[in-house]
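Sending over a structure as structure tokens; questions will come in a sec.
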Protein chains: 2
Amino acid sequence: MSKPTPFVDDYLAYLLARSSKLVSEQFHAQVKATGLNVNYWRILASLSDGDGLSLNQLNERVLFNQPTLSKLVARMESEGLLERIKGEKDKRSILIYITPQGRQLVNQLLAKAKWHEAEVLAKYSHAQQELLKDMLRQLISALEN
Amino acid sequence: MSKPTPFVDDYLAYLLARSSKLVSEQFHAQVKATGLNVNYWRILASLSDGDGLSLNQLNERVLFNQPTLSKLVARMESEGLLERIKGEKDKRSILIYITPQGRQLVNQLLAKAKWHEAEVLAKYSHAQQELLKDMLRQLISALEN
DNA sequence: CAAATATATATTCCATTTCATATATTATAA
DNA sequence: TTATAATATATGAAATGGAATATATATTTG
């Protein structure tokens, strides 16, 4: 009788957390090497293909807490990476834009990120890569309601 | 011409982080409802099918930082959930065991966790579930070296 | 074997995150 | 309309997490 599979190795939440952490950590080392805060990278990447999101909308993507994101965005503005503009239609909201400086930074990192992803996925066929991503996308949209 | 897929929605690290967070968060709400710290749950679950791990070994599973885990384990011991025993063979090491009280707690949560996972995966066939998990396990072992 | 190096865990100090709540604005109801 | 509730973001005190380092024990080297 061989040992049963340990709980965590068959537990989806654990497999996701572990693979997520392993994949991210490798790349985050590269981000840190450029001197950038990892959270800044996540925020810039989330804004990279369409800024002008409100804080809440951005938060739905980056999945921080609202106060955490609020403070990060304020810091990033003070460092010249983002700009915050009060909403015209709804004056409670703050719309967030990438500055040229932030854009330059994120563009460099996007290229590195794609390169890193290619490395991670090198052993998989294109079909397999898409299968994995599709399953994750399905999971996400199911959980978002 | 339709919009291209946003970067993040095609980026593996993001898909993993997002799905991980969404899956975990749902269950963590249940954990918190029982009054337990989420990190405690992660530690107990990691020990659930074989305790007596050293701090380092445990850390390889839970993927915290060593000082963070060290502090958490100390707190959990003071709250009666774990026991720390100095290694016989290597006296630098600390072996970590679940107390009966900790065991009772984790057993309840393991049952809930499995139930929650079943819900999350309900829409997938058994074969698909295994496919997803296998791909994640492969990814993990490739990244661990 | 003694000295030097490596390893396992703990601790300290500081930056960041979180919880609860405040403020400002908008939407709804009476 | 005015009062009430809801929503978006900000803020402050307290808890948490991380980087650097300390301590204790083991291993290696000359």
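Chain identifiers are assigned alphabetically (A, B, ...) following the order of the sequence lines, protein sequences preceding nucleic acid strands; residue numbering begins at 1 within each chain.
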Worksheet item: Between B:T68 and A:D90, which has a closest nucleotide on DNA chain C that is more 5'?
Response: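 Nearest nucleotide further toward 5': that of B:T68.
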Item to complete: Rounded off to whole Å, could you give me the CZ-to-P distance for the B:R75 and C:dT11 pair?
Response: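 Those two atoms, CZ and P, are 15 Å apart.
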Worksheet entry | Closest nucleotide among D:dT9, D:dT11, D:dA19 to the B:P67 side chain |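 Looking only at heavy atoms from C-beta outward on B:P67, the closest nucleotide is D:dA19.
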Discussion item. Under a 4.0 Å threshold between the charged nitrogen and the carboxylate oxygen, would B:R137 count as salt-bridged to B:E130?
Written reply: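 Salt bridge between B:E130 and B:R137, a charged N being under 4.0 Å from a carboxylate O: yes.
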Discussion item. If the threshold is 4.0 Å, N to carboxylate O, is there a salt bridge linking B:D9 and A:R61?
Written reply: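 So B:D9 does not pair with A:R61 through a salt bridge.
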Discussion item. Return whichever of A:L95 or B:N65 has its heavy-atom-nearest nucleotide of DNA chain D closer to the 5' end.
Written reply: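 The residue whose closest nucleotide sits nearer the 5' end is A:L95.
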Worksheet item: Do the side chains of B:Q104 and B:I98 get nearer than 4.5 Å, heavy atoms only?
Response: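 Not in contact.
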Item to complete: Decide yes or no, distance alone: a donor-acceptor N/O pair under 3.5 angstrom between the base of D:dA10 and the side-chain of A:Q66.
Response: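 Looking at the base of D:dA10, it does pair with a donor or acceptor on the side chain of A:Q66 (distance under 3.5 Å).
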Practice prompt. Using a 4.5 Å cut-off on heavy atoms from C-beta on, say whether the side chain of A:I96 contacts that of A:I43.
Written response: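 Side-chain contact under 4.5 Å: no.
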Discussion item. Just the rounded figure in Å: distance from P of C:dT9 to CD of B:Q57.
Written reply: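 B:Q57 atom CD is separated from C:dT9 atom P by 8 Å.
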Discussion item. Assuming nearest nucleotide by heavy-atom distance, tell me which of B:L55 and A:L72 is located more 5' along DNA chain C.
Written reply: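 The residue whose closest nucleotide sits nearer the 5' end is B:L55.
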Worksheet item: Phosphate oxygens OP1/OP2 of C:dT17: is one of them under 4.0 Å from a side-chain N or O of A:N39?
Response: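 A:N39 to C:dT17 OP1/OP2: side-chain N or O found under 4.0 Å.
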Practice prompt. Tell me whether the OP1 or OP2 atom of D:dT9 has a side-chain N or O from A:S70 closer than 4.0 Å.
Written response: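 No, no such contact exists.
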Item to complete: Send over the distance from A:L69 CG to D:dA10 P, rounded to a whole Å.
Response: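 Taking atom P of D:dA10 as the reference, CG of A:L69 is at 9 Å.
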Worksheet entry | Side-chain heavy-atom pair A:L109, A:L44 within 4.5 angstrom cut-off |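 A side-chain contact under 4.5 Å is absent here.
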Item to complete: Would you name the heavy atoms of A:A45 and A:V106 that are closest together and state the gap between them?
Response: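 So the two residues come closest at N-CG2, 3.8 Å.
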Worksheet item: Is any side-chain heavy atom of B:L47 closer than 4.5 Å to a side-chain heavy atom of A:F7?
Response: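 Not touching, per the 4.5 Å side-chain cut-off.
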Practice prompt. Calculate the interatomic distance between B:K86 atom NZ and D:dT23 atom C1'; express it in whole Å.
Written response: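 Computing the B:K86:NZ to D:dT23:C1' distance gives 11 Å.
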Worksheet item: Does A:Y124 reach the side chain of B:L139, with side-chain heavy atoms less than 4.5 Å apart?
Response: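 The answer is yes, as the side chains (C-beta and beyond) meet within the 4.5 Å cut-off.
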Worksheet item: Please give, in whole Å, the distance from D:dG17 P to B:F64 CZ?
Response: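 B:F64 atom CZ is separated from D:dG17 atom P by 8 Å.
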Worksheet item: Using a cut-off of 4.0 Å on non-hydrogen atoms, how would the nucleic acid contact of B:S93 be classed: base, sugar-phosphate, or nothing?
Response: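 Sugar-phosphate contact only - B:S93 comes under 4.0 Å of backbone atoms but never of a base.
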Worksheet entry | Atom pair distance, as rounded to whole Å: NZ in A:K91 and C1' in C:dT23 |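 A:K91 atom NZ is separated from C:dT23 atom C1' by 16 Å.
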All N/O contacts under 3.5 Å from nucleotides 3-7 of chain D to the protein, with atom names and distances to one decimal?
from, atom 1, to, atom 2, distance (Å)
D:dT7, O2, A:R92, NH1, 2.7

Discussion item. How many whole angstroms separate atom CZ of B:R42 from atom P of D:dT16?
Written reply: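 Atom-to-atom, B:R42 to D:dT16, this comes out as 15 Å.
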Discussion item. Within the 4.0 Å heavy-atom criterion, would you say B:N37 contacts the bases, only the backbone, or no part of the nucleic acid?
Written reply: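 Here B:N37 touches no strand at all.
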Worksheet entry | hbond_proxy B:K71 side chain to C:dT12 base (donor-acceptor, 3.5 Å cutoff) |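 Between C:dT12 and B:K71, which were checked side chain against base, a qualifying N/O pair under 3.5 Å is present.
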Worksheet item: Any donor-acceptor pair under 3.5 Å joining the side chain of B:K89 to the base of D:dT25?
Response: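 Side chain to base: no pair present.
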Worksheet item: Does D:dA10 have OP1 or OP2 sitting under 4.0 Å from an N or O in the side chain of A:R84?
Response: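 Checking A:R84 against D:dA10: at least one side-chain N or O falls below 4.0 Å of OP1 or OP2.
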Item to complete: Grab the CD1-P distance between B:I43 and D:dT16 for me, whole Å please.
Response: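 In whole Å, D:dT16 P and B:I43 CD1 are 13 Å from each other.
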